[in-house]
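Below you'll find the structure, written out as structure tokens, and then a few comments.
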Protein chains: 2
Amino acid sequence: MNRKATALDVAKRAGVSRSAVSLVLNGRGDGNVAKESQDRIRQAAKELNYSPNAIALSLRNQRSRVIGILSDEVVVSPFDGNIIGGADDIARSRGFVTLVMDTERDTARDASAIETLLDRQVDGLMYVTVGLKPIEIPQGMLRIPSVLANCYDEHPQPQLHHVIPDEITGGREATEHLLQWGHRDIALLAGSVDSPAAPLRVQGYRDAHALAGVPFRDERVFMAGWDIDAGYHGAMKLLDGVSPADRPTAIMCANDRLAVGVALAAARLGLSVPRDLSIMGYDDEARIADTMVPALTTMALPLREIGRAAMTTLLDTIEGGEGTTAARTMETMVPCRLVVRESTGPAPH
Amino acid sequence: MNRKATALDVAKRAGVSRSAVSLVLNGRGDGNVAKESQDRIRQAAKELNYSPNAIALSLRNQRSRVIGILSDEVVVSPFDGNIIGGADDIARSRGFVTLVMDTERDTARDASAIETLLDRQVDGLMYVTVGLKPIEIPQGMLRIPSVLANCYDEHPQPQLHHVIPDEITGGREATEHLLQWGHRDIALLAGSVDSPAAPLRVQGYRDAHALAGVPFRDERVFMAGWDIDAGYHGAMKLLDGVSPADRPTAIMCANDRLAVGVALAAARLGLSVPRDLSIMGYDDEARIADTMVPALTTMALPLREIGRAAMTTLLDTIEGGEGTTAARTMETMVPCRLVVRESTGPAPH
DNA sequence: TTGAAAGCGGTACCAC
DNA sequence: GTGGTACCGCTTTCAA
């Protein structure tokens, strides 16, 4: 537990002043410090295993190279962690560190968490949520460069840039995949009303039908929820005791867990997937969609890309000067990606 | 984006010196500063919305009240986030902040992550993993108070305290639950060999049989893996085309995802759960075990408790002085908790 | 009871 | 080319 070497230690060992050490180690040695002094300094630094104290740097420079990430429950919940992963990729590659705080969905903690982060001199702030949702922007976020990932400001005049997935196109392309297999009666288990993602995916579902000239029935769309049991019971309602002619030939789900429930129901009813019924997931949840039997065809949420895009925007405004901030567009939409596996196939006739 | 108030601003406004401000706001005013000055200072601080700059504090005090948490993939993966949640609970309640870094399973990044954390003057370090596993302790962790959560040092003379779940008892109690329902032929899908948790749970399974005087057969134990497909195929091997007399009446799984696969297989085979087959999970994964149909009986991993216990130990050594460090026990085992739901029931006869 | 000053570890400006 | 010094914001000791 011995103390770390300081710049002064290096200076002494190299027989020079602290300022010389600072100059050399920051690449401003040439033209200011004699070559041989430079060598001695670098040598001494290496020997002492010197690295500058980040705290002192922050205090001096008023910049910490730390980005604060505030999440509603990304750390604690099983979902969307890759947004932070992607954000961290970019941050590290540009010499920043991310400091993550999770409020576990207690928005009352937002303000104080932001305050803590601000007290630590973070250079920028990112708010990340599990699932697309509108948020109330905590006061403090407007005081330094900030960005929203997977969430957005509902106010008429949004003040922060946000990065979100393109759910409408996602819903549309998922539906189109099913239409291309010849399905003409596609049910949709659409999540729950309190999520803004649900209606967007429904919108995409409608668009796909309209574009393809295939009529669709509103009663085929269910606001079911997001979990296995919801998928199970939704599918039972659609399939159990219904004659093959009246059954949907495909069920599209607003996430992979619903799809698991649907598959379970199909199995109980003796229906084979995808021969008798095609099942489409959404999210491409790791170790669920890819390990289901059969593996789920699904619409992958671009989590890493969202994180990367959000962090890139943020660091650009931090490093690029404040000049054109106002002129920037306030929204980035990242496309979802269709992942075709084995749970979808040609429509039975 | 206007600058924050400093202690000097407060001092000016209250018409006193900076030192007075410092004394009063740190509760050392009485006996040093006049009562009315104290009031004016507190008043001014409130008006300016003053809070001390954490960076300056760290530099000055050589303590940051930040705990660095290094995880292999807790943030990014869907698992075990609640360890961090529990750790954060305790940290916050004791006036600390946690700084989380996730290496995404790249142990080559461990050392530099620790270095970064150390440069930021963290007062303590916690290493957290997804799933119980042995780790190589990164050098830097020995330089300041540190603790391991859900992982441990394999070396003969462990240098760091670790907190882990009691997997043997967990495996035993899960098995006992099944034995109590009258099951006498219990198969075990035991995860994979590369996880130290798997053999421990098998051990518990054996212990339960031995204690109950029920013979068991080694060929009923399969190192299957951890995912849905593994559970599915494992169950198929055990059940498909096997006469009821030769079938296990219960399948115990090393996690809930395996249990989902087993349930899926049972459904395909027309077996009713729990009437024809009892299924036992492990982990009590949120929104999987509780939302399965039927809901899974499972052995809950004490994730929050692990995080809380680890953070408590760590903060105790940081705040409690170094005195008795050496005398402390180096291991804390946290019991798992049986959660009875609907996937288990009396053995058929 | 109060204020001045040193110092935490750096950086950067300015004499020399 | 080099070293001295002020300053970032705060705490703490010491003298007035």
For this session: Go through residues 11-27 of chain A and report each residue with a non-hydrogen atom lying under 4.0 Å from DNA chain D, sorted by number.
Result: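 Residues of residues 11-27 of chain A under 4.0 Å from DNA chain D: A:V16, A:S17, A:S19.
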For this session: Look at the side chain of B:Y50 and decide which nucleotide, out of C:dG10, D:dC10, D:dT12, has an atom nearest to it.
Result: D:dC10
For this session: For A:R60 and for B:G31, locate the closest nucleotide of DNA chain C by heavy-atom distance; then report the residue assigned to the nucleotide nearer the 5' terminus.
Result: B:G31
Taking OP1 and OP2 of [N], is either one under 4.0 Å from a side-chain nitrogen or oxygen of [X]?
X: A:Q38; N: D:dG1; result: no
X: B:S37; N: C:dT1; result: no
X: A:Q121; N: D:dC8; result: no

May I ask you to say whether [X] pairs ionically with [Y], meaning some side-chain N is under 4.0 Å from a carboxylate O?
X: B:E47; Y: B:K12; value: no
X: A:K46; Y: A:D39; value: no
X: A:K133; Y: A:D72; value: yes
X: B:D30; Y: B:K35; value: no

Distance in angstrom units between [X] [atom1] and [N] [atom2], rounded:
X: B:L59; N: C:dA6; atom1: CG; atom2: C1'; answer: 13 Å
X: B:N32; N: C:dA4; atom1: CG; atom2: P; answer: 17 Å
X: A:I41; N: D:dT2; atom1: CD1; atom2: P; answer: 8 Å
X: B:D119; N: C:dC8; atom1: CG; atom2: P; answer: 18 Å
X: B:L8; N: C:dG3; atom1: CG; atom2: P; answer: 12 Å
X: B:R65; N: D:dT11; atom1: CZ; atom2: P; answer: 13 Å
X: B:L48; N: D:dC10; atom1: CG; atom2: P; answer: 12 Å
X: B:D9; N: D:dC10; atom1: CG; atom2: P; answer: 9 Å

Problem set entry | Which atom of B:N26 lies closest to which atom of B:S22, heavy atoms considered | ND2-O, 2.8 Å
Problem set entry | Residue pair A:S64 / A:V122: nearest heavy atoms and the distance that separates them | OG-CA, 3.5 Å
For this session: For side chain to side chain donor-acceptor pair (under 3.5 Å), just list the numbers for B:H162 and B:T332, CA-CA rounded to whole Å, side-chain angles, deciding distance to a tenth of an Å, and then say yes or no.
Result: CA-CA 6 Å; B:H162 64 254; B:T332 303; over 6 Å; no
Base, sugar-phosphate, or nothing: which does [X] touch, judged by heavy atoms less than 4.0 Å apart?
X: B:R28; result: sugar-phosphate
X: B:N53; result: sugar-phosphate
X: A:L57; result: sugar-phosphate

